[in-house]
There are 2 protein chains.
Amino acid sequence: MTDAADQGWLRTVAHEVRSFDRSSTAERVAELLRARVIEGDLPPGTRLSEEQLVEVLHVSRNTLREAFRLLTHEGLLVHRLHRGVFVPELDEDDLVDLYRARRAIECGVVARLEGTDAVRLRPLHDAVAAAEDAARRGDWPAVGTANMRFHLALVALGRSRRLDETAARLFAELRLLFHTVDAPRPLHEPYVQRNRALLDLLAAGETVRAAEELDAYLYDSETQLRTVHRDSPRRNP
Amino acid sequence: MTDAADQGWLRTVAHEVRSFDRSSTAERVAELLRARVIEGDLPPGTRLSEEQLVEVLHVSRNTLREAFRLLTHEGLLVHRLHRGVFVPELDEDDLVDLYRARRAIECGVVARLEGTDAVRLRPLHDAVAAAEDAARRGDWPAVGTANMRFHLALVALGRSRRLDETAARLFAELRLLFHTVDAPRPLHEPYVQRNRALLDLLAAGETVRAAEELDAYLYDSETQLRTVHRDSPRRNP
DNA sequence: CCTAGGGAGTTGTTCAACAATCCGACAAGG
DNA sequence: CCTTGTCGGATTGTTGAACAACTCCCTAGG
């Protein structure tokens with residue numbers, strides 16, 4: 001039985017190998033740019049010059065454009081014909097659209113959840129703990145990141161890879177909106193407690209009440225973000 | 001100078017002809033391939049050779065690859081590094097994944113629906129009517145298409161562009177699964193009535209009951225598809 | 001002040017060549 | 001017979017260059 005001809009083993013290795021070589025140049029460039037956009041280094045409305053980036057990144061124009069396309073499909077860049085690619089400027093309509101989508105998905109997952117054992121709730125627990133820790137340190141951007149991780153973990157309870165990917169895309173876009181406001185604290189602080197409360201409800205198996213609380217949660221969050229975003233001073237007026 | 005031996009001339013005309021409609025070349029190529037994949041002309045596992053398609057379609061490799069990328073994003077093709085693009089072969093895990101995703105989204109939308117006026121239900125009505133019509137004609141593939149349109153319209157009630165796109169992608173993948181079975185009738189016929197019933201519930205404003213019915217609906221559909229798919233003879237064993 | 005047009009600069013598209021990688025075949029060894 | 005190693009053909013990944021097409025700004029003329 002030293003012959004390791006078991007079943008699940010190969011699967012794991014195969015997956016590891018596959019994700020290891022998954023690094024075409026275009027994808028690596030895309031990852032670089034994605035981080036810059038998500039971190040907010042590039043303010044919305046910025047044009048990404050092909051010429052400039054080709055010079056800096058040492059890749060060909062075709063490859064760079066391939067990376068652009070990848071990010072465009074993810075909604076992290078917008079493509080305007082003959083004008084180039086830009087960091088999108090999301091408006092209130094986009095905000096509403098995004099919240100409708102996440103409300104349907106998140107509430108949909110939570111509402112018909114069967115079985116909330118401690119193991120599967122573990123990622124949620126970690127995310128809440130990270131948020132609380134960051135809040136104590138006063139690192140509000142980190143709180144925002146941890147809160148997003150919480151909601152990603154929430155969607156992950158639905159155990160669908162495709163749903164996870166969709167949620168990741170939505171949250172990436174949402175992050176663009178967060179960057180347009182100057183004061184991150186009131187945007188993230190109140191939701192740390194609420195995430196904790198949500199987690200407690202789930203741990204108690206009260207999925208219906210959790211879904212209701214989540215619904216109210218998202219409503220409050222959306223409303224707040226709308227007012228803040230409306231009043232926020234545009235960086236490039 | 002009447003002798004048109006110039007170079008750029010033909011090029012220009014060709015370009016004009018190609019871009020007569022406002023879509024880019026890549027999008028038109030993508031549409032061509034999409035139809036082939038959706039219609040099931042290309043069985044799962046087929047590799048789409050760049051060389052071959054460049055020859056046939058008279059487009060550059062870059063353009064073709066852009067089309068590939070569009071379809072990959074839609075889930076209609078899979079891209080394997082250094083191996084090319086393939087029509088995906090979905091297995092039972094994918095089926096489960098897809099149904100988990102659509103269950104969360106569709107039920108999520110229906111459950112927290114506010115206001116079901118007749119105008120917004122119109123697309124649902126049309127889809128059901130089309131399905132019933134196709135059923136009368138015995139055109140079962142058309143019934144399947146109409147049923148999908150119904151569910152897309154259902155998601156559209158959530159009034160989120162991003163949610164619509166996600167649903168479209170999921171249903172496109174689902175269609176690939178339908179093609180692996182030989183007898184389309186029992187797969188689509190029972191659901192025409194159930195869609196009608198679902199629509200009636202929505203028209204009556206009974207969103208909660210509609211969500212429950214939809215949940216059961218999807219459970220039955222998934223179960224049936226799983227057994228059928230398990231028993232279906234592989235085309236390329 | 002307003003409009004037409006011209007030019008500079010940028011993106012859109014294609015092509016050909018080279019590098020990196022995969023696949024099947026075939027041979028050597030247990 | 002089965003496994004392992006290696007080779008060569010075929011395919012994809014990436015690059016750089018070339019030219020077409022478009023946008024934007026600036027200027028001349030009204």
Side-chain angles (χ1 to χ4, degrees), chain A residues 2-5 10 13-14 16-33 45-73 77-88 236, chain B residues 4-33 42 45-72 77-89 236:
Chain A
T2 48
D3 187 3
L10 289 176
V13 172
E16 275 179 23
V17 167
R18 213 176 275 173
S19 60
F20 185 72
D21 69 6
R22 187 182 296 174
S23 61
S24 78
T25 309
E27 282 175 23
R28 253 171 300 136
V29 171
E31 190 147 353
L32 257 170
L33 296 177
T46 308
R47 186 172 72 89
L48 279 67
S49 162
E50 292 189 0
E51 196 178 23
Q52 217 168 346
L53 285 171
V54 161
E55 180 73 18
V56 173
L57 299 173
H58 299 286
V59 296
S60 82
R61 247 179 94 209
N62 282 326
T63 303
L64 177 64
R65 288 165 69 86
E66 191 147 334
F68 280 169
R69 279 164 206 141
L70 288 171
L71 294 172
T72 299
H73 291 325
L77 293 178
V78 292
H79 184 21
R80 284 189 270 226
L81 199 65
H82 287 118
R83 276 190 255 174
V85 299
F86 298 78
V87 181
N236 305 338
Chain B
D6 223 60
Q7 297 174 333
W9 202 74
L10 287 176
R11 278 265 189 82
T12 306
V13 172
H15 185 271
E16 274 179 23
V17 168
R18 267 182 218 174
S19 59
F20 215 102
D21 48 12
R22 269 138 214 158
S23 56
S24 76
T25 311
E27 280 174 28
R28 222 155 334 105
V29 171
E31 190 150 350
L32 258 170
L33 297 177
L42 305 166
T46 307
R47 187 173 71 87
L48 279 67
S49 160
E50 291 189 0
E51 194 180 25
Q52 215 168 348
L53 286 171
V54 161
E55 180 73 17
V56 174
L57 298 173
H58 299 285
V59 295
S60 82
R61 256 176 87 203
N62 285 329
T63 303
L64 178 64
R65 287 161 70 86
E66 165 66 5
F68 280 168
R69 214 163 291 117
L70 289 170
L71 295 172
T72 299
L77 293 178
V78 292
H79 184 22
R80 288 193 271 241
L81 197 63
H82 286 117
R83 276 187 250 173
V85 299
F86 299 78
V87 181
E89 300 180 273
N236 305 339

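A quick note: this is a predicted structure, and the numbers were derived from the prediction, not measured.
- If you check every strand for non-hydrogen atoms under 4.0 Å, B:Glu51 touches sugar and phosphate atoms only.
- The NE2 atom of A:His82 sits 13 Å away from the P atom of D:dA20 (whole-angstrom rounding).
- Regarding contacts with the backbone of D:dT12, every side-chain N or O of B:Arg65 stays at 4.0 angstrom or more from both OP1 and OP2.
- What you find for B:Ala67 and B:Ala30 is that their closest heavy atoms are CB-N, 3.8 Å.
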task: Show your working on side chain to side chain contact (heavy atoms under 4.5 Å, CB included) between B:Val87 and B:Leu77 and close with a plain yes or no.
output: CA-CA 5 Å; B:Val87 181; B:Leu77 293 178; 4.2 Å; yes
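- Residues B:Glu50 and B:Leu64 share a closest heavy-atom pair of O-CD2, 3.5 Å.
- Interface residues of residues 54-63 of chain A facing DNA chain D, ordered by number: A:His58, A:Val59, A:Ser60, A:Arg61, A:Asn62, A:Thr63; criterion, heavy-atom separation under 4.0 Å.
- Residues passing the salt bridge (Lys or Arg N to Asp or Glu O under 4.0 Å) test with B:Arg69, sequence neighbours excluded: A:Glu66, B:Glu66.
- Look at CD on A:Glu66: it is 14 Å from P on C:dT13, rounded to the nearest Å.
- Here CG of A:Leu71 is found 10.0 Å from CD of A:Glu31. Values are rounded to the nearest 0.5 Å.
- For D:dT12, the OP1/OP2 oxygens have a side-chain nitrogen or oxygen of B:Arg47 closer than 4.0 Å.
- Neither OP1 nor OP2 of D:dT12 sits under 4.0 Å from any side-chain N or O of B:His79.
- Scanning all heavy atoms of the two residues, the minimum distance from B:Leu81 to A:Ser24 falls at CD1-CB, 3.8 Å.
- A:Arg83 has a side-chain polar atom (N or O) that falls below the 4.0 Å cut-off from OP1 or OP2 of D:dC24.
- B:Glu50 has its CD atom 13 Å from the C1' atom of C:dT21, to the nearest Å.
- Remark: P of D:dT14 and CG of A:Leu70 are 11 Å apart, rounded to the nearest angstrom.
- B:Leu81 has its CG atom 17 Å from the P atom of D:dT11, to the nearest Å.
- B:Arg80 has no side-chain polar atom (N or O) that falls below the 4.0 Å cut-off from OP1 or OP2 of C:dT21.
- Going from atom CG of A:Leu48 over to atom P of C:dT10 covers 14 Å, rounded to whole Å.
- For the pair A:Leu64 CG and D:dT15 C1', the computed distance is 13 Å after rounding to whole Å.
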field: Worked check of side chain to side chain contact (heavy atoms under 4.5 Å, CB included) between A:Phe68 and A:His79
entry: CA-CA 8 Å; A:Phe68 280 169; A:His79 184 21; over 6 Å; no
